[in-house]
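Chain A is the first sequence line, chain B the second, and so forth, proteins listed ahead of strands; every chain is numbered from 1.
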Number of protein chains: 2
Amino acid sequence: MRPFHHPPAGELKLESVLYALGDSTRLKIVQALNRSSELPCSAAVCGLELPKSTQHHHFRLLREAGVIFTRKSGVYIINRLRRDELDAQFPGLLDAVLAAANEAEQPTQA
Amino acid sequence: MRPFHHPPAGELKLESVLYALGDSTRLKIVQALNRSSELPCSAAVCGLELPKSTQHHHFRLLREAGVIFTRKSGVYIINRLRRDELDAQFPGLLDAVLAAANEAEQPTQA
DNA sequence: TCGATAGTTCAAGTTTTTCGAACTATTGAA
DNA sequence: TTCAATAGTTCGAAAAACTTGAACTATCGA
């Protein structure tokens, strides 16, 4: 198994981050990670019926864009948002995205 | 020539908008439109050496994601950001993106 | 009506995304 | 220590999306 590649904070690219967030599956993963701070892949995609190879692709893309940090722990691969680094490089971006994504699920607090 | 399709404000999808913004060419177009309020395609891609068919593809994608509004005026196709609608649907998103994009060009106000 | 400019359409080549099948890694029991 | 089960990974091929050149349409001014 190849080691995970995480781009250093200073090398995060805005367009890569936006691209990574610009997919409904990945957006749902990011929302799940935002709710829980740390999750194994299987839990982060909970409810999404997707082949494991496709899930893997999405996690890799998120990781290589610098959106998530990944580490191994036993049988699990644990993921978390790189919140601090994202906030430092792109102030307000993640907040705006998550707010809009949550709003889309829970329209206008009825 | 087919009529332009603009999704209504209420149907803008967060992931489509993020996807549209997640490309360096399109991000530059959006920055140019942000500086100038209205621009023909040719001016909005000023400086980017791209085939016209590729430019066309990017403008269409931005339009169909709801990021820009397009109208015809003489020989020109005039584009503008759908700022108000984007701000209403996704508060703070465009500002955060544009701020980060400008920051990337003019790093940390040296 | 012609030429020039601005953008559009189409088709083909390249790149990404998706997904099934087979694989590796770790854990908990027997 | 071996086995079965769980969690992800890798590979290869099919489907979708991006890029581009070439040929096209639309508008304007001479």
Which atom names give the shortest non-hydrogen contact between [X] and [Y], and what distance separates them?
| X | Y | result |
| --- | --- | --- |
| Glu85(B) | Ala9(B) | CG-CB, 3.7 Å |
| Val45(B) | Ser42(B) | CG2-O, 3.5 Å |
| Thr70(A) | Arg63(A) | OG1-NH1, 3.4 Å |
| Asp23(A) | Thr25(A) | OD1-N, 2.9 Å |

Provide, to the nearest angstrom, the distance between the [atom1] atom belonging to [X] and the [atom2] atom belonging to [N].
| X | N | atom1 | atom2 | value |
| --- | --- | --- | --- | --- |
| His5(A) | dT9(D) | NE2 | P | 16 Å |
| Leu50(B) | dT20(D) | CG | P | 6 Å |
| Phe4(A) | dA7(D) | CZ | C1' | 11 Å |
| Leu48(B) | dT20(D) | CG | P | 12 Å |
| His56(B) | dA23(D) | NE2 | P | 19 Å |

Between Gln55(B) and Lys52(B), which has a closest nucleotide on DNA chain D that is more 5'?
Gln55(B)
Starting from Leu21(B), can I reach Leu27(A) by hopping between I/L/V/M/F/W/Y residues whose side chains sit under 4.5 Å apart?
yes
Is Val67(B) linked to Ile78(B) within one hydrophobic cluster, defined over Ile, Leu, Val, Met, Phe, Trp and Tyr using a side-chain heavy-atom separation of less than 4.5 Å?
no
So, are Arg71(B) and Glu38(B) salt-bridged, with charged N and O less than 4.0 Å apart?
yes
Does a salt bridge link Arg82(A) with Asp87(A), judged by any charged N lying under 4.0 Å from a carboxylate O?
no
Under 4.0 Å, heavy atoms only, any strand: does Ser42(A) hit a base, just the sugar-phosphate, or nothing?
sugar-phosphate
Using a heavy-atom cut-off of 4.0 Å to chain A, what are the terminal contacting nucleotides of DNA chain C, in 5' to 3' order?
dT16(C) to dT27(C)
For the residue pair Tyr19(B) and Tyr19(A), categorise the inter-ring angle as parallel (less than 30°), tilted (30 to 60°) or perpendicular (more than 60°).
tilted
Which nucleotide in the list dT9(D), dA26(D), dT6(D) gets nearest to the side chain of Val75(B)?
dA26(D)
Toward the 5' end of DNA chain C, by each residue's nearest nucleotide, Tyr76(B) or Met1(A):
Tyr76(B)
Counting primed atoms plus P, OP1 and OP2 as sugar-phosphate and everything else as base, spell out the protein contacts along nucleotides 11-18 of chain D at 4.0 Å heavy-atom distance: B, S or - for each nucleotide, 5' to 3'.
S-----SS
